[in-house]
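We're numbering straight along the sequence, starting at 1. Predicted model only: the values in this text are computed from it and were never measured.
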Amino acid sequence: MSKDVEDPADRGPEVLVPSGDAQETWYSCVLKQVSVYGVAAGYCISASLLSIINKWAVMKFPYPGALTALQYLTSAAGVVICGWFKVLEHDPLDLRTMGQFLPAAIIFYLSLFTNSELLLHANVDTFIVFRSAVPIFVAIGETLYLSQPWPSLKTWISLGTIFGGSVLYVLTDYQFTLTAYTWAAAYLVSMSIDFVYIKHVVMTIGLNTWGLVLYNNLEALLLFPLELLIMGELKKIKHEISDESDWHSFQVILPVGLSCLFGLAISFFGFSCRRAISATGFTVLGIVNKLLTVVINLVIWDKHSTFVGTVGLLICMLGGVMYQQSTSSKPKAVSEATVQETEEQQNLLEMQNNSQAKNNEKEDTKIEK
């Protein structure tokens with residue numbers, strides 16, 4: 001019998017090796033799926049409960065500046081500690097970079113401060129409506145200040161849907177107060193500027209994701225003493241301490257602590273989720289989060305919008321979904337155009353090479369003659 005016939009029999013035991021590899025591959029696939037679902041569940045829980053917990057915290061601890069500063073401290077410390085244990089990587093702190101990043105940190109501080117003030121004076125539904133209206137001003141700001149093209153027709157339709165839902169909500173808001181809507185307008189302006197300017201910072205400074213989180217929260221935390229003096233929270237806090245109020249009790253510490261932890265958790269799960277799933281999947285999770293927030297708000301509190309106002313809120317959320325879908329298709333179109341340009345360049349190069357080869361052949365023929 002030849003060696004070629006005997007080899008399969010000799011290699012018989014080796015056939016079992018791929019089955020072990022298959023088992024290991026199956027186990028790693030299951031483990032990967034479990035981690036993806038775990039990250040998605042963590043993002044859903046933290047994102048859907050964050051607004052509710054912030055509202056709870058600011059009701060028990062009515063100092064928006066101090067609450068915001070505690071959130072900054074938790075997020076910055078969380079990034080530094082996780083960096084020490086090599087859980088994540090962030091850019092090192094640099095004074096020059098901190099100086100360049102300072103305007104972005106100021107805008108970020110104002111956006112979160114107005115966020116807390118809005119939740120203090122208005123219900124969660126009002127917060128969601130004004131948060132959904134931010135893309136209207138961001139789209140205009142990107143075009144005017146970042147040299148981006150004007151939004152497409154689909155994007156304008158989605159922005160119009162958001163605007164229509166916002167108007168419907170405002171007209172039917174029976175809890176309308178000038179103070180609440182002043183803070184809502186301030187929140188809308190600060191968030192819009194924050195989104196546009198942060199995009200400019202990301203494009204120019206070159207920090208990684210966790211570096212942005214660290215610089216944002218650390219520099220915003222350094223602005224807290226200035227806010228204490230301007231808004232007069234320091235006098236209020238001293239007055240509460242002197243009156244021996246229950247601000248240090250468990251009923252206050254619990255919502256404040258959860259607010260800080262959930263603020264850090266949404267950063268971690270949000271960035272992990274963006275890496276683990278597609279943009280479409282992340283969009284779907286965003287829809288689920290807002291729906292869960294609305295449902296939880298309807299269940300646990302009686303201070304929410306009317307039925308018509310809730311319809312306006314849902315219209316705003318629908319417009320947000322349409323907006324995300326219309327903008328997520330842009331990179332695909334750009335990539336297809338890039339591929340097409342590359343193919344055209346390759347075809348031109350091939351034509352040039354062919355013509356050059358033919359010219360060389362003609363010259364060789366002339367030389368031989």
Can a donor-acceptor pair be found between the side chains of Y181 and T126 at a distance below 3.5 Å?
->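 Not at all, the side chains of Y181 and T126 share no donor-acceptor pair under 3.5 Å.
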
Are a donor atom and an acceptor atom from the side chains of T182 and T179 found within less than 3.5 Å of each other?
->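 There is no such pair between these side chains.
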
Any donor-acceptor pair under 3.5 Å from [X] side chain to [Y] backbone:
| X | Y | value |
| --- | --- | --- |
| S75 | Y72 | no |
| N115 | Y187 | no |
| N217 | V213 | yes |
| T143 | A139 | yes |

Could you walk me through whether V58 and L67 pass side chain to side chain contact (heavy atoms under 4.5 Å, CB included), step by step?
-> CA-CA 7 Å; V58 83; L67 178 62; 4.2 Å; yes

Looking at Q71, K55, K60, which one forms a side-chain hydrogen bond (donor to acceptor under 3.5 Å, both in side chains) with S259?
->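 For S259, the side-chain hydrogen bond (donor to acceptor under 3.5 Å, both in side chains) test succeeds with only one of Q71, K55, K60, which is Q71.
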
Spatial distance of atom [atom1] ([X]) from atom [atom2] ([Y]) [nearest 0.5 Å]:
| X | Y | atom1 | atom2 | answer |
| --- | --- | --- | --- | --- |
| F262 | S51 | CZ | OG | 11.5 Å |
| L73 | C260 | CG | SG | 8.0 Å |
| S166 | L188 | OG | CG | 8.5 Å |
| L223 | E219 | CG | CD | 8.0 Å |
| F163 | C316 | CZ | SG | 10.5 Å |
| F113 | W183 | CZ | CH2 | 4.5 Å |

Specify the closest pair of heavy atoms between [X] and [Y], including all atoms of both residues, with the distance to one decimal.
| X | Y | answer |
| --- | --- | --- |
| N216 | A104 | OD1-O, 4.1 Å |
| G99 | P103 | O-CD, 3.9 Å |
| N54 | L119 | CB-CD1, 3.5 Å |
| T68 | S116 | OG1-OG, 3.3 Å |
| S192 | F137 | OG-CB, 3.3 Å |
| A265 | S46 | CB-CB, 4.2 Å |

same_hphob_cluster([X], [Y]) at 4.5 Å side-chain heavy-atom cutoff:
| X | Y | value |
| --- | --- | --- |
| L218 | L264 | no |
| L49 | F269 | yes |
| V189 | L178 | no |
| L222 | L212 | yes |
| Y145 | V138 | yes |

Working for side chain to side chain contact (heavy atoms under 4.5 Å, CB included), residues W150 and W156 = CA-CA 9 Å; W150 282 103; W156 280 119; 3.8 Å; yes

Side-chain heavy atoms of M98 within contact of L102, under 4.5 Å =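 They are not in side-chain contact.
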
Any side-chain heavy-atom pair of W56 and L254 under 4.5 Å |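 Yes; the side chains approach each other to less than 4.5 Å.
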
For the ring pair F224 and Y109, is the centre-to-centre distance below 6.0 Å?
->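 Aromatic pair excluded; centres sit 6.0 Å or further apart.
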
Chi angles and distances behind the side chain to side chain contact (heavy atoms under 4.5 Å, CB included) call for Y215, D94 | CA-CA 10 Å; Y215 275 83; D94 179 70; 3.8 Å; yes

Do L88 and V79 pass the side chain to side chain contact (heavy atoms under 4.5 Å, CB included) test, and can you show the C-alpha distance, the side-chain angles, and the key distance before you say yes or no?
-> CA-CA 8 Å; L88 53 86; V79 173; 4.1 Å; yes

Test side chain to side chain donor-acceptor pair (under 3.5 Å) applied to T155 and S152, step by step = CA-CA 5 Å; T155 304; S152 63; 3.1 Å; yes

